[in-house]
Amino acid sequence: MRLHGLKYALTAAALLSCGIAMIGAQSRGATTGKPDPRVGLKAGVRDAGQAIRNLELVSSLGKPAGFFNPETPLGNAIQPERPEPPAAASQPVAPPTVPAYDPKSANRLDFNNTDLAFDGHRMFMGNYHGFNVYDIEESKDPKVIASVVCPGGQGDVSVYKNLLFMSVEQVRGRLDCGTQGHETAVSNERFRGVRIFDITDIKKPRQIAAVQSCRGSHTHTLVPDAKDPSNIYVYGSGTGPVRSGDELSGCSDKEPQDDHNTALFSIDVIKVPLAKPEDAKIVNRPRIFADPNSGNIAGLWMGGTHGEGTQTTSMTNQCHDITVFPQLGLAAGACSGNGILLDVSDPEHPSRLDQVLDKNFAYWHSATFNNDGSKVIFTDEWGGGSRPRCRAIDPITWGADAIFDIVDKKLKFAGYYKMPAVQSDQENCVAHNGSLVPVPGRDIMVQAWYQGGISVFDFTEASKPQEIAFFDRGPLDAKQLFLGGYWSAYWFNGQIYASEIARGLDIFKLKPSEFLSQNEITAATLAHADTFNPQQQMRVRWPATAVVGRAYLDQLARSNALPAARANEVRSALDRADNLAPKSARGAESASQLDTLASQLEGQSPAAAADKARVKALAALLKSRATALR
């Protein structure tokens, strides 16, 4: 999130007349033809109107004491923005001017909830004021078990074994986690970078390292290396102004032509020795935006519009999020003006494989792969997260998701998705953080849209994404815009956990519907994970159980890709096998039937690629079940 986001590039009238192309995007509004229940919900903090479909709200929990100001629990209202004329096409956008240091403004406390990480029955919620630890073993009754006050924003967190990592970017951050901030622009007590806590005693987290960086850490990414298990790597993404070289040696905010060692146009690679994490340090600042031919480190988008009626896109001199898929050696970087694909097989030296532009994107914010790494979703945080960008006048392809296929390690655009319900001027709304819902045979994502709520959608067919569930509340206030809504929404071991910026924590579970069967939901719960971190994906594998097979059958039935008689045969065979003991006479007979059905399925050739993959997976599952019975 960028609290001081891009200003509105076009007036409302211009937006209505610019004729944005709608290729690969869903249309605005509910697919049922009925009014969307999310539109026009009553405002309120604890008594706001709610709209929910195909989800169950399991529990809600407010912020703990000390993580909100009782006098102004919502913070300060966000002032209306002033429309500005668009920048000239191909004209670089000048970086924002850094104002003179104002201690009162710089040291103001913020209490926004931010990102989530999970380890077993523990959930960690970041906050601009520190972080909280929750016991989530009972999803109907989550409990705060530890609170750490350590201001500095954003406070995004991740966990690895007994270590917790936290991003700090604001200039009020202190080495000692104090709340007093700093009276001067340069301070040897200031901290901006990545903090490391020892959480061996979960009720008493202890800071053991603080890795300083020139731009601080807006977000960070944990990158394990299977070839180097004694270390964990951290990619630090800083989006703030570069600090003075008088405060941290070597920091420079000059342009590349004036200083080739500028702190711009790079990321930070931090190496953390697991046996001695207090020795963590930056070991590389790779120039992942460089032109491979000229060597110019400012080799990607230089800011500006893409022509008449297009978005004003930020200059690519930073990454906001970098999502790694270690098992594939890939990462997707959402890097302000570009989406990039990286080779991270050597975590200390990431290298760029491909890059893309999108004339509808203002600021490339985050990325999510599908489970086999053949697709990636990039999000556009148009307006910085603090502005209403889901109104009727807002283009459906702006502030949205862009879905790309990955073919031979190249990115190919496939479609757009945007939460379809119209929101009000009092609701900050744009695409934000989410994760896969691990339903075998499908690509499904749950995603936060700030005060636009959460949306669960299927992008298996990337050019035709479809919403399948949602939850939304009315605005925090009926007359003014206050920053709120969902920062992130993640699936973890059968539940959806959502970090609400102003209200606290919500936990959901999926309900079966015409779009998603109970078998599919149950199969998703079998994909158990010990940990979950933002910006890090691990490949999901499902056990060869009958319910996973039934999930495939439900999908094939939904698309009419398998004859009903054959589907019934397979379903009956799976039911029968469930009740048989291995190495029994009846078990051997059932195994033979399963093998025969698997061979018959292999002879099927559905038209759709997704159905072909489901048939193949189902046949492999039947063979695995047969082997287990013998």
Side-chain angles (χ1 to χ4, degrees), residues 226 325-328 369-375 405-406 436-444 458-461 491 493-494 512 516-530 537-630:
F325 203 145
Q327 289 139 312
L328 300 182
F369 290 98
N370 69 341
N371 190 53
D372 66 3
S374 63
K375 299 189 189 85
D405 291 322
I406 301 175
L436 295 184
V437 177
V439 174
R442 298 175 71 176
D443 295 328
I444 295 177
D458 184 307
F459 64 103
T460 308
E461 190 173 354
W491 170 279
N493 293 342
L516 189 68
S517 70
Q518 184 59 60
N519 286 323
E520 290 174 296
I521 295 171
T522 303
T525 66
L526 299 180
H528 181 84
D530 293 327
Q537 287 185 239
M538 298 297 176
R539 191 160 192 170
V540 174
R541 299 189 185 279
W542 295 268
T545 61
V547 73
V548 174
R550 294 185 194 106
Y552 291 131
L553 287 170
D554 291 345
Q555 294 161 12
L556 294 167
R558 192 179 291 121
S559 58
N560 296 312
L562 193 66
R566 178 60 46 78
N568 287 335
E569 281 185 281
V570 174
R571 191 173 289 108
S572 296
L574 285 171
D575 291 343
R576 188 178 306 113
D578 262 1
N579 299 313
L580 297 177
K583 298 182 180 180
S584 65
R586 294 182 63 193
E589 181 183 341
S590 179
S592 178
Q593 182 190 26
L594 291 169
D595 278 335
T596 298
L597 288 169
S599 298
Q600 292 170 347
L601 285 172
E602 289 171 338
Q604 301 283 148
S605 185
D611 287 326
K612 288 180 181 177
R614 290 162 183 155
V615 167
K616 182 179 179 180
L618 180 57
L621 183 145
L622 295 181
K623 288 181 177 180
S624 179
R625 295 287 291 163
T627 299
L629 286 172
R630 287 195 172 93

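Asn371 contributes no side-chain N or O that, together with a main-chain N or O of Asp443, makes up a donor-acceptor pair within less than 3.5 Å. Using modelled atom types, no side-chain atom of Ser624 and backbone atom of Ala620 make a donor-acceptor pair closer than 3.5 Å. Within the 3.5 Å criterion, the main-chain N or O of Asn519 finds no donor-acceptor partner in the side chain of Thr522. In this structure a side-chain-to-backbone donor-acceptor pair under 3.5 Å is present from Gln555 to Pro440. Not one N or O on the side chain of Ser590 forms a donor-acceptor pair closer than 3.5 Å with the backbone of Arg586.
With a 4.5 Å cut-off on side-chain heavy atoms, Gln518 and Val547 do not count as touching. Two residues are said to be in side-chain contact when any heavy atoms from C-beta on lie closer than 4.5 Å; Leu562 and Leu601 meet this criterion.
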Would Asp578 and Arg625 count as a salt bridge (charged side-chain N to carboxylate O under 4.0 Å, His left out) if you check the C-alpha gap in whole Å, the side-chain angles of each, and the deciding distance to 0.1 Å? CA-CA 9 Å; Asp578 262 1; Arg625 295 287 291 163; 2.8 Å; yes
Working for side chain to side chain contact (heavy atoms under 4.5 Å, CB included), residues Thr460 and Arg614: CA-CA 12 Å; Thr460 308; Arg614 290 162 183 155; 3.9 Å; yes
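Shown here for Pro438 and Val540, the closest heavy-atom pair between the two residues is CB-CG1, 4.1 Å. The two residues Leu328 and Gly373 come nearest to each other via the heavy atoms CD1-CA, 3.6 Å. Leu594 and Ala577 make their closest contact through CD1-CB, 4.1 Å (heavy atoms, listed as atom of the first residue, atom of the second, distance). Across Leu621 and Tyr552, no two heavy atoms sit closer than the pair CD1-CE1, 4.4 Å. Closest non-hydrogen pair, Arg550 versus Leu574, comes out as N-CD1, 4.2 Å. Ala523 approaches Trp542 most closely through the heavy-atom pair O-CD1, 3.4 Å.
Each of Ile444, Thr525, Val439 was checked for a side chain to side chain contact (heavy atoms under 4.5 Å, CB included) with Trp491, and the lone residue meeting it is Thr525.
Taking CZ of Arg576 as the reference point, atom CD of Gln593 lies at 4.5 Å (rounded to 0.5 Å). A distance of 7.0 Å separates CD1 in Ile406 from CG in Asn370, rounded to the nearest 0.5 Å.
Using a 3.5 Å distance cut-off with no hydrogens or angles, the side chains of Arg539 and Gln327 do not pair a donor with an acceptor. Side-chain contact check for Asp372 and Ser374: at least one donor-acceptor pair (N or O, by modelled atom type) lies under 3.5 Å.
Surrounding CZ of Arg541 are at most 12 heavy atoms belonging to other residues, nucleotides or ligands under 6.0 Å away.
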